[in-house]
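In this text, all values refer to a predicted model and were calculated from it rather than measured experimentally.
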Amino acid sequence: QVQLVESGGGLVQAGGSLRLSCVATEDTFSKSAMGWFRRAPGKERDFVAAISRSGEMTPYADSVKGRFTISRDHLKNTVYLEMNSLKPEDTAVYYCAAERDTTWNTARRISGYYDVWGQGTQVTVSS
């Protein structure tokens, strides 16, 4: 069964940057749209960004648009989330997710479409 393993979280000061990585353990990565979601303390899980199989469709949450960039490397079975100008309100556990067997330009914002999830990585932004 495919697994997703996130890394790159940590503690950073406001205004700083982090890059999250998510490696898929099987080649189903190439047939999957990928997404990043986050859950802040006491809140529900929210959409952050997604990327289609083609890499051409990359929707973002309004709260991160212009600061975060999602990308993928098919050779490494890896999806990245580059996070710049971090704010304390970005503090959350960040989850990588895969929607398998999607069309070439599918990239959804709704978590219910994603059928494989990583364990999460903590990002903490201090003020």
Side-chain angles (χ1 to χ4, degrees):
Q1 183 177 352
V2 63
Q3 290 185 322
L4 302 176
V5 181
E6 301 108 329
S7 62
L11 173 64
V12 64
Q13 289 189 332
S17 299
L18 283 174
R19 187 176 81 156
L20 305 183
S21 299
C22 172
V23 180
T25 57
E26 293 183 5
D27 197 38
T28 51
F29 176 85
S30 65
K31 301 178 182 178
S32 302
M34 303 298 294
W36 286 98
F37 294 78
R38 66 186 182 186
R39 187 193 301 271
K43 297 187 177 181
E44 295 188 353
R45 185 171 55 192
D46 289 331
F47 169 77
V48 176
I51 187 166
S52 61
R53 290 172 59 194
S54 67
E56 293 181 0
M57 303 301 292
T58 55
Y60 293 92
D62 288 344
S63 59
V64 307
K65 198 174 297 183
R67 299 189 297 123
F68 291 12
T69 302
I70 189 170
S71 61
R72 66 189 298 164
D73 185 334
H74 282 276
L75 293 178
K76 297 181 178 180
N77 284 359
T78 301
V79 62
Y80 303 99
L81 185 68
E82 185 76 35
M83 305 186 294
N84 298 315
S85 302
L86 283 162
K87 305 175 181 180
E89 51 264 44
D90 293 318
T91 295
V93 177
Y94 284 71
Y95 298 91
C96 172
E99 180 185 355
R100 291 178 291 180
D101 297 323
T102 62
T103 60
W104 191 237
N105 282 321
T106 295
R108 304 188 208 259
R109 299 170 178 263
I110 300 174
S111 61
Y113 286 106
Y114 293 82
D115 53 351
V116 183
W117 291 81
Q119 81 287 351
T121 185
Q122 176 70 47
V123 171
T124 303
V125 184
S126 63
S127 58

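Here the OG1-CD1 distance, from T69 to I51, works out to 10.0 Å after rounding to the nearest 0.5 Å. Distance CD/E99 to OG/S32: 8.5 Å, rounded to 0.5 Å. Atoms CZ and CG, from R39 and D46 in turn, are 9.0 Å apart once rounded to the nearest 0.5 Å. With rounding to the nearest 0.5 Å, the separation of OG in S71 from CG in L81 is 8.5 Å.
Residues R72 and N77 fail the side-chain proximity criterion, which asks for heavy atoms closer than 4.5 Å. A heavy-atom distance below 4.5 Å is not found between the side chains of T106 and M57. The shortest distance between side-chain heavy atoms of T121 and L20 falls below 4.5 Å. Side-chain contact between S111 and R45 is present, with at least one heavy-atom pair separated by less than 4.5 Å.
Residues M34 and I70 share a closest heavy-atom pair of O-CD1, 4.2 Å. Taking each heavy atom of V79 and C96 in turn, the nearest pair found is CG1-SG, 3.8 Å. Scanning all heavy atoms of the two residues, the minimum distance from A50 to A107 falls at CB-CB, 4.1 Å. Closest non-hydrogen pair, L18 versus L86, comes out as N-CD1, 3.9 Å. Taking each heavy atom of T78 and K76 in turn, the nearest pair found is OG1-O, 2.8 Å.
Without hydrogens or angle criteria, R109 side chain to Y60 main chain gives a donor-acceptor distance under 3.5 Å. Judged by distance alone, with hydrogens and angles left aside, the side-chain atoms of S127 form no donor-acceptor pair with the main-chain N or O of P88 at under 3.5 Å. Checked by atom type and distance alone, the side chain of S17 never pairs as donor or acceptor with a backbone atom of N84 at under 3.5 Å. In this structure, R38 contributes its side chain and T91 its backbone to no donor-acceptor pair below 3.5 Å.
A salt bridge between R100 and D115 is present, with a side-chain N of the basic residue lying under 4.0 Å from a carboxylate O of the acidic one. Remark: D62 engages K65 in a salt bridge, criterion side-chain N to carboxylate O under 4.0 Å.
Ring-plane geometry between F68 and Y94 is classed as tilted, the angle between the planes lying from 30 to 60 degrees on a 0 to 90 degree scale.
A single hydrophobic cluster is not seen to contain both I110 and V48; linkage of ILVMFWY side chains at heavy-atom distances under 4.5 Å, directly or through other members, places them apart. With hydrophobic clusters built from ILVMFWY side chains whose heavy atoms lie under 4.5 angstrom apart, Y113 does not share a cluster with L4. Note on F47 and V116: separate hydrophobic clusters, where clusters join Ile, Leu, Val, Met, Phe, Trp and Tyr whose side-chain heavy atoms are under 4.5 Å apart, directly or indirectly.
Residue-environment remark: CD (E89) exceeds the threshold of 12 foreign heavy atoms within 6.0 Å.
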Handout entry: Full working for side-chain contact (heavy atoms from CB on, under 4.5 Å) between E6 and Q119
Key = CA-CA 7 Å; E6 301 108 329; Q119 81 287 351; 2.8 Å; yes

Exercise for the section: Could you please spell out the steps behind the side-chain contact (heavy atoms from CB on, under 4.5 Å) verdict for Q13 and V125? Expected result: CA-CA 5 Å; Q13 289 189 332; V125 184; over 6 Å; no

Problem - Verdict with supporting geometry, F37 and Y95, ring-ring contact (aromatic ring centres under 6.0 Å, His included) - result: CA-CA 5 Å; F37 294 78; Y95 298 91; 8.8 Å; no

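The closest side-chain donor-acceptor pair between N105 and S54 falls under 3.5 angstrom.
For the pairing with C22, the side chain to side chain contact (heavy atoms under 4.5 Å, CB included) check across F29, W36, Y80 returns one residue only, W36.
In this structure, R108 is not positioned above the aromatic face of Y114 in the sense of NZ or CZ being under 6.0 Å from the six-membered ring centre and within 45° of the axis.
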